[in-house]
Amino acid sequence: MKIGYKLFAEGYGPREIVEQAVRAERAGFDFVEVSDHFHPWLFSHGHSGFVWSMLAAIAERTERVEIATGVTCPFLRIHPAIIAQAAATTALLSQDRFTLGVGAGERLNEHVVGRGWPSVTTRHEMLREAIDIMRLLWSGGYHSYKGEHLVLEDARVFDLPEHPPRVVVAAGGEEAARLAAESGDGLFATEPSSALTSTYRELGGDGPRYGEVPLAWAADEDAALESAHELFRFGLTGWKVQAELPNPVNFEAATALVSREAMADVFGYGPDPQRHLKVVRQFADAGFDHLALINAGPDPEGFFRFFETELAEPIRNLS
């Protein structure tokens with residue numbers, strides 16, 4: 001079992017994200033993952049730094065902890081050739097500690113370049129082609145590619161790591177789990193669904209299975225739950241909503257009726273480690289072996305101490 005920390009780049013500025021990554025390494029986390037957004041989900045977040053700049057800084061400021069995107073859409077806002085170059089450079093800077101998490105994207109981030117917002121079926125087709133293009137470029141030499149949706153013309157990535165980055169594919173349903181098994185090196189999900197991990201493995205997927213675990217630490221239960229509601233109520237809308245809305249104002253409207261009680265049904269919150277571990281176990285029992293802990297609480301440093309003293313050993317014992 002590997003334990004990671006979710007760096008929530010919509011909730012904190014770029015320098016703070018880098019500092020949290022350094023602190024996560026010191027706390028004993030095995031990996032950190034950074035969200036890749038152009039817009040934040042909600043107005044209360046107020047941030048959305050450029051992920052590749054933050055990853056480069058994290059690579060230079062850390063020595064051991066693995067780093068990952070959680071996740072990048074590699075075909076609309078940015079062409080897969082550029083993602084291939086960025087991922088290769090990040091792998092070199094981190095000395096092969098980098099994993100590229102990819103997904104079919106959210107309209108929130110991808111619509112900004114004016115290329116429209118394709119159906120999920122089309123986006124899955126584009127994601128397959130994007131992965132093909134990136135793997136071609138990581139193999140060395142010049143390459144061209146003409147797919148149904150994406151084109152590469154006579155391109156080469158010159159600075160390549162000894163081993164290409166691992167590609168972990170985000171899945172919210174069976175078709176994406178199939179794509180992860182067939183085109184990816186691992187699975188990424190945000191819900192404790194054994195159906196996703198089972199589908200992935202039944203279709204031949206044998207890589208790591210990343211799950212984001214929703215937690216919110218504070219010394220006071222009400223403060224923890226209030227913070228979870230303020231920062232992460234968008235997560236309760238589900239992917240059919242999360243993938244389709246274009247701006248924070250739409251998510252503010254979509255989450256207006258999400259209650260604190262609804263958050264309590266999903267999150268581990270407050271000072272009681274058993275409440276947190278109950279949620280962690282849901283992901284472990286569902287077949288995830290790389291657990292990225294989200295802290296939606298108001299005090300990151302308090303959460304790191306809580307992890308060190310109360311969570312790290314019990315979670316490792318789940319493996």
Side-chain angles (χ1 to χ4, degrees), residues 2-35 37 40-49 51 54-55 57-58 61-62 64-65 67-68 70 190 211-236 248 251-252 255 258-283 291-316:
K2 288 196 172 184
I3 311 173
Y5 181 72
K6 172 74 173 187
L7 294 163
F8 184 51
E10 298 82 71
Y12 300 94
R15 295 187 67 85
E16 173 63 18
I17 289 295
V18 175
E19 293 300 328
Q20 287 186 22
V22 173
R23 181 66 178 91
E25 179 176 67
R26 195 163 69 245
F29 283 97
D30 300 307
F31 67 94
V32 295
E33 56 154 285
V34 192
S35 48
H37 274 222
W41 298 98
L42 301 167
F43 290 138
S44 58
H45 294 158
H47 299 279
S48 198
V51 69
M54 293 184 285
L55 287 167
I58 292 167
R61 290 283 307 279
T62 58
R64 172 194 57 80
V65 72
I67 58 180
T190 60
E212 288 190 350
V213 184
L215 308 176
W217 182 86
D220 177 77
E221 287 186 3
D222 288 340
L225 201 53
E226 180 60 33
S227 181
H229 182 264
E230 179 181 358
L231 294 177
F232 264 85
R233 65 184 183 274
F234 69 89
L236 272 66
F251 279 97
E252 293 286 352
T255 61
V258 175
S259 66
R260 296 201 330 163
E261 290 72 25
M263 303 301 295
D265 291 338
V266 176
F267 272 73
Y269 64 93
D272 181 0
Q274 292 307 315
R275 180 177 279 136
H276 292 256
L277 291 169
K278 178 181 178 182
V279 177
V280 172
R281 287 190 196 98
Q282 292 174 1
F283 283 82
L291 305 181
L293 308 187
I294 295 169
N295 174 40
D299 178 8
E301 177 57 33
F303 178 80
F304 285 126
R305 292 195 300 268
F306 180 64
F307 171 77
E308 291 169 317
T309 60
E310 303 289 349
L311 296 184
E313 184 176 355
I315 294 176
R316 294 200 187 281

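Since this is a predicted model, take the numbers as computed values, not measurements. Numbers for residues simply follow the sequence, beginning at 1.
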Query raised in the report: With ring centroids as reference points, do Phe31 and Tyr5 lie under 6.0 angstrom apart?
Result: no

Query - Ser259 side chain to Ala262 backbone, donor-acceptor under 3.5 Å - result: yes

Query raised in the report: Side chains of Asp265 and Glu261: closer than 4.5 Å at any heavy-atom pair?
Result: no

**Report entry** Which atom of Glu308 lies closest to which atom of Ala27, heavy atoms considered
**Finding:** OE2-CA, 3.3 Å

Requested in this report: Compute the centroid of each ring, for Phe43 and then for Phe251, and state whether the two points are separated by less than 6.0 Å.
Outcome: no

Query raised in the report: Is it true that Phe304 and Phe306 have ring centroids separated by less than 6.0 Å?
Result: no

Report task. For the residue pair Pro273 and Leu311, establish whether any side-chain heavy-atom pair is separated by less than 4.5 Å. Result -> yes

Report task. Mind checking side-chain hydrogen bond (donor to acceptor under 3.5 Å, both in side chains) for Thr62 and listing every partner two or more places apart, or none if nothing turns up? Result -> Arg97

Query - Spacing of Phe8 atom CZ and Ser48 atom OG [to the nearest 0.5 Å] - result: 9.0 Å

Report summary line: Of all heavy-atom pairs linking Gly268 and His276, the shortest is O-CE1, 3.5 Å

Query - Contact summary for His45 and Glu230, nearest pair of heavy atoms - result: NE2-O, 4.4 Å

Requested in this report: Name all residues meeting the side-chain hydrogen bond (donor to acceptor under 3.5 Å, both in side chains) criterion together with Glu226; count only those two or more places apart in sequence or in a different chain, and write none if there are none.
Outcome: Arg260

Report task. Quick one: pull up CZ in Phe267 and CG in Asn295 and give me the separation to the nearest 0.5 Å. Result -> 9.5 Å

**Report entry** Criterion side-chain contact (heavy atoms from CB on, under 4.5 Å) on Ile294 and Val213, from CA distance to verdict
**Finding:** CA-CA 6 Å; Ile294 295 169; Val213 184; over 6 Å; no

Query - Side-chain ion pair, Asp30 and Arg316, N-O less than 4.0 Å - result: yes

If you look only at distance, which donor and acceptor atoms sit under 3.5 Å apart when one is on a side chain in residues 214-225 and the other is two or more places apart or in another chain?
from: Asp220; atom 1: OD2; to: Asp222; atom 2: N; distance (Å): 3.1
from: Asp220; atom 1: OD2; to: Ala223; atom 2: N; distance (Å): 2.8
from: Glu221; atom 1: OE2; to: Arg275; atom 2: NH1; distance (Å): 3.0

Report summary line: When every non-hydrogen atom of Ala296 is compared with those of Leu231, the smallest separation belongs to O-CD1, 3.6 Å

Query raised in the report: Between Glu19 and Arg15, is the closest basic N to carboxylate O distance under 4.0 Å?
Result: no

Requested in this report: With rounding to the nearest 0.5 Å, note down the distance linking CD1 in Ile17 to OH in Tyr12.
Outcome: 8.0 Å

Query - Heavy-atom pair of closest approach, residues Gly49 and Pro14 - result: CA-CG, 4.1 Å

Query raised in the report: To the nearest 0.5 Å, what is the distance between CD (Glu25) and CD (Gln20)?
Result: 14.5 Å

Requested in this report: Could you please spell out the steps behind the salt bridge (charged side-chain N to carboxylate O under 4.0 Å, His left out) verdict for Glu252 and Arg233?
Outcome: CA-CA 9 Å; Glu252 293 286 352; Arg233 65 184 183 274; 2.9 Å; yes

Requested in this report: May I ask you to check whether over 12 heavy atoms, not counting those of Glu313, lie within 6.0 Å of atom CD?
Outcome: no

Requested in this report: Go through the steps for Ile3 and Phe307 under the test side-chain contact (heavy atoms from CB on, under 4.5 Å), then give the verdict.
Outcome: CA-CA 10 Å; Ile3 311 173; Phe307 171 77; 3.8 Å; yes

Requested in this report: Starting from the C-alpha separation in whole Å, work towards a yes-or-no answer on side-chain contact (heavy atoms from CB on, under 4.5 Å) for Ile315 and Leu293.
Outcome: CA-CA 11 Å; Ile315 294 176; Leu293 308 187; 4.0 Å; yes

**Report entry** Trace of the side-chain contact (heavy atoms from CB on, under 4.5 Å) decision for Lys278 with Gln274
**Finding:** CA-CA 6 Å; Lys278 178 181 178 182; Gln274 292 307 315; over 6 Å; no

Query raised in the report: Does some side-chain heavy atom of His47 sit less than 4.5 Å from a side-chain heavy atom of Glu10?
Result: no

Query raised in the report: Heavy atoms, side chains only, cut-off 4.5 Å: are Pro248 and Leu42 in contact?
Result: no

Requested in this report: Decide yes or no for Leu236 and Met263: does some side-chain heavy atom of the first lie under 4.5 Å from some side-chain heavy atom of the second?
Outcome: yes

Query raised in the report: Can you tell if the side chain of Phe232 reaches within under 4.5 Å of the side chain of Trp41, non-hydrogen atoms only?
Result: no

**Report entry** Test: Arg23 and Glu16 ion pair at under 4.0 Å
**Finding:** no

Query raised in the report: What's the shortest heavy-atom distance between Phe29 and Val65, and which atoms?
Result: O-CG2, 3.6 Å

